[in-house]
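Structure first, then comments.
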Amino acid sequence: MSNNDLFRQNESILSLVSRFLDIAVVAGTGWIAHWAYFSTFELDPAYKLGLILGAVLTVVIFPLFDNYQSWRGRNWFDQLRAVFLSQLSVMVSLVVISALLKNTAVFSRLWFAIWALLSLIVLFTYKRLLMMCLREMRLRGWNRKRIAILGAGDLGRKVAGHIKNAEWTGFEIAAYFDDNSQVAGQKLDGVPVHHLNRNLESFIEENKIQEVWLALPLRAESRMKEILQTLQNSTVAVRFVPDIFTFNLLIGPSVSEIAGIPVLDINCSPISGINWAIKEAEDRILAAIILILISPILAIIAVAIRLESRGPIIFKQERHGWDGKIIKVYKFRSMGVMESSGAFTQATKNDPRVTRVGAFIRRTSLDELPQFFNVLQGRMSIVGPRPHPVSMNNEYKTKVAYYFQRHKVKPGITGLAQINGCRGETDTLDKMERRIAFDIQYIQNWSIWLDLKIIFLTIFKGFVSDKAY
């Protein structure tokens with residue numbers, strides 16, 4: 001029996017073991033938290049009942065978040081989010097049940113907090129280690145899945161290329177199938193191409209194919225129906241690969257469900273649903289903390305601006321926000337008084353409009369500190385593409401491809417472009433294109449961890465710049 005056969009026969013056992021491990025982690029960390037707080041492993045009846053109830057809720061809730069599906073080839077952050085939401089739901093359910101039973105006073109709040117945090121850490125750690133072990137096994141030839149790609153055209157070859165460049169996913173291309181008699185009987189990168197007229201079911205059975213991937217153009221709808229009809233009595237998994245490569249997308253597609261209908265989101269913002277709630281909480285909490293910490297700095301800058309020149313301390317300018325809506329962005333005034341609705345001219349080196357205080361706060365990015373109030377208002381985010389003046393957007397939207405895609409998220413005080421040196425004057429088209437490329441890259445790869453990384457790096461790379469005039 002091969003290693004792959006052994007894994008295939010024991011996949012259900014691995015899933016069952018994972019379920020038991022989750023239960024053990026949730027209950028066990030509660031027990032350890034009890035020892036850490038009360039210095040004893042002996043539990044009172046109420047705490048015993050709490051741990052038992054936590055284990056039962058784990059059995060019920062964790063499968064609802066697809067924790068036990070195959071995570072082969074999927075993003076680690078997706079699994080982390082599933083674990084986080086599952087454990088959060090378990091803990092919230094425990095609080096609600098305790099409140100309904102009116103016995104919340106029986107339990108220590110600190111013990112509960114230690115339990116919640118410790119269980120998350122252990123769950124994340126063991127699942128990450130498990131994924132790393134499986135990944136290493138797949139690289140060594142264990143636990144691999146044999147697939148057949150139906151379609152040897154451009155789409156099928158691109159799919160094959162992606163699979164071969166990600167060997168850690170454990171997918172192995174056994175064969176292509178295609179209607180084109182010119183490629184049938186040949187090999188593409190060492191993989192044989194069979195004609196679709198061949199008995200597909202017998203080939204799947206004889207070659208132990210576990211998945212069939214339909215990589216046919218969208219116009220081949222009738223052919224796909226025939227194939228599905230042919231495979232109706234087969235237990236092989238069938239996946240459809242939509243030909244999204246032809247759309248030249250900058251923001252990656254995802255699948256969602258609307259009114260019970262599965263929908264392929266071709267060009268939608270990744271920050272929606274639970275992602276939106278997480279980012280909103282991140283922004284509001286961090287902005288409030290930062291404003292409290294920097295309040296003395298804000299006062300000193302305000303006094304310095306007023307002493308040097310007459311006029312408002314805060315400069316307000318209309319810029320495009322989320323979904324292209326017009327918002328007013330706050331900055332400390334760094335130039336002579338000017339109308340916010342006037343035509344915008346970028347500041348240049350030794351710009352005579354810039355005051356002495358203005359030159360310092362622009363070079364150190366202190367002029368942008370009032371934008372934390374924009375974050376509290378919900379108009380901006382701490383991390384995101386920098387908001388450009390409306391007139392600048394109108395100028396560049398016809399010059400830079402996908403320029404307005406940056407408005408699929410809230411504008412930010414700092415961003416991926418800023419920590420990579422894209423600050424200050426954009427006097428050439430290639431400078432703006434580079435900035436937009438970083439903005440799109442941020443949207444494509446957004447995560448809470450990327451936000452925290454950018455905030456951290458901004459402290460060292462994003463404030464002082466000789467390009468900020």
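Remember, it's a predicted structure, so these values are computed and weren't measured experimentally. Heavy atoms only: backbone and side chains are in, while hydrogens, waters and symmetry mates are out.
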| Which distance, rounded to the nearest 0.5 Å, do you find between the CG of Leu196 and the CD1 of Ile227? | 5.0 Å
| query | How long is the span from the NZ atom in Lys225 to the CG atom in Leu228, to the nearest 0.5 Å? | reply | 10.0 Å
| message | Taking ring-ring contact (aromatic ring centres under 6.0 Å, His included) as the definition, give me every residue that meets it alongside Phe372, ordered by chain and number, with sequence neighbours left out. | response | none
| Qualifying ring-ring contact (aromatic ring centres under 6.0 Å, His included) pairs with a residue from residues 201-225, counting only residues at least two apart or across chains | Phe171-Trp213, Phe177-Phe203, His194-Phe203
| said: Tell me every residue that passes ring-ring contact (aromatic ring centres under 6.0 Å, His included) with Phe373, counting only those two or more places apart in sequence or in another chain. | reply: none
| request: Give every residue pair that meets the salt bridge (charged side-chain N to carboxylate O under 4.0 Å, His left out) criterion with at least one member in residues 49-62, sequence neighbours excluded. | output: none
| task | Step by step, work out the side-chain contact (heavy atoms from CB on, under 4.5 Å) result for Asp451 and Glu282. | result | CA-CA 9 Å; Asp451 275 2; Glu282 168 202 343; 3.1 Å; yes
| task | Could you walk me through whether Val60 and Val90 pass the side-chain contact (heavy atoms from CB on, under 4.5 Å) test, one step at a time? | result | CA-CA 9 Å; Val60 175; Val90 168; over 6 Å; no
| Would Lys145 and Glu211 satisfy side-chain contact (heavy atoms from CB on, under 4.5 Å), going step by step from the backbone distance to the final call? | CA-CA 8 Å; Lys145 276 193 173 183; Glu211 294 191 6; 3.3 Å; yes
| Among pairs that include at least one residue of residues 107-123, which meet salt bridge (charged side-chain N to carboxylate O under 4.0 Å, His left out), considering only residues two or more places apart or in two chains? | none
| At what distance, to the nearest 0.5 angstrom, does NE2 of His388 lie from CG of Asp439? | 6.5 Å
| field | Interatomic spacing from CD1 in Ile209 to CD in Glu172 - rounded to 0.5 Å | value | 8.5 Å
| Has the side chain of Arg386 got a donor or acceptor atom that lies under 3.5 Å from a matching backbone atom of Gly415? | no
| message | If I compare all heavy atoms of Leu51 with all of Gly30, which pair ends up nearest, and what's the gap? | response | CD2-CA, 3.6 Å
| message | Taking salt bridge (Lys or Arg N to Asp or Glu O under 4.0 Å) as the definition, give me every residue that meets it alongside Asp179, ordered by chain and number, with sequence neighbours left out. | response | Arg223
| said: Looking at Asp22 and Lys127, is there a salt bridge between them, counting it only when a charged N and a carboxylate O are closer than 4.0 Å? | reply: yes
| request: Pick out which of Tyr37, Tyr47, Phe38, Phe112 makes a ring pair (Phe, Tyr, Trp, His ring centres under 6.0 Å) with Phe107. | output: Tyr47
| message | To the closest 0.5 Å, what do you measure between OG1 (Thr398) and OH (Tyr403)? | response | 10.5 Å
| request: Take Arg81 and Phe65 through the test side-chain contact (heavy atoms from CB on, under 4.5 Å) and record every step on the way to the result. | output: CA-CA 9 Å; Arg81 180 171 55 186; Phe65 291 89; over 6 Å; no
| Hey, what do you get for CD (Gln418) to CD1 (Ile454), rounding to the nearest 0.5 Å? | 9.0 Å
| field | Donor-acceptor side-chain pairing of Tyr330 and Gln377 below 3.5 angstrom | value | yes
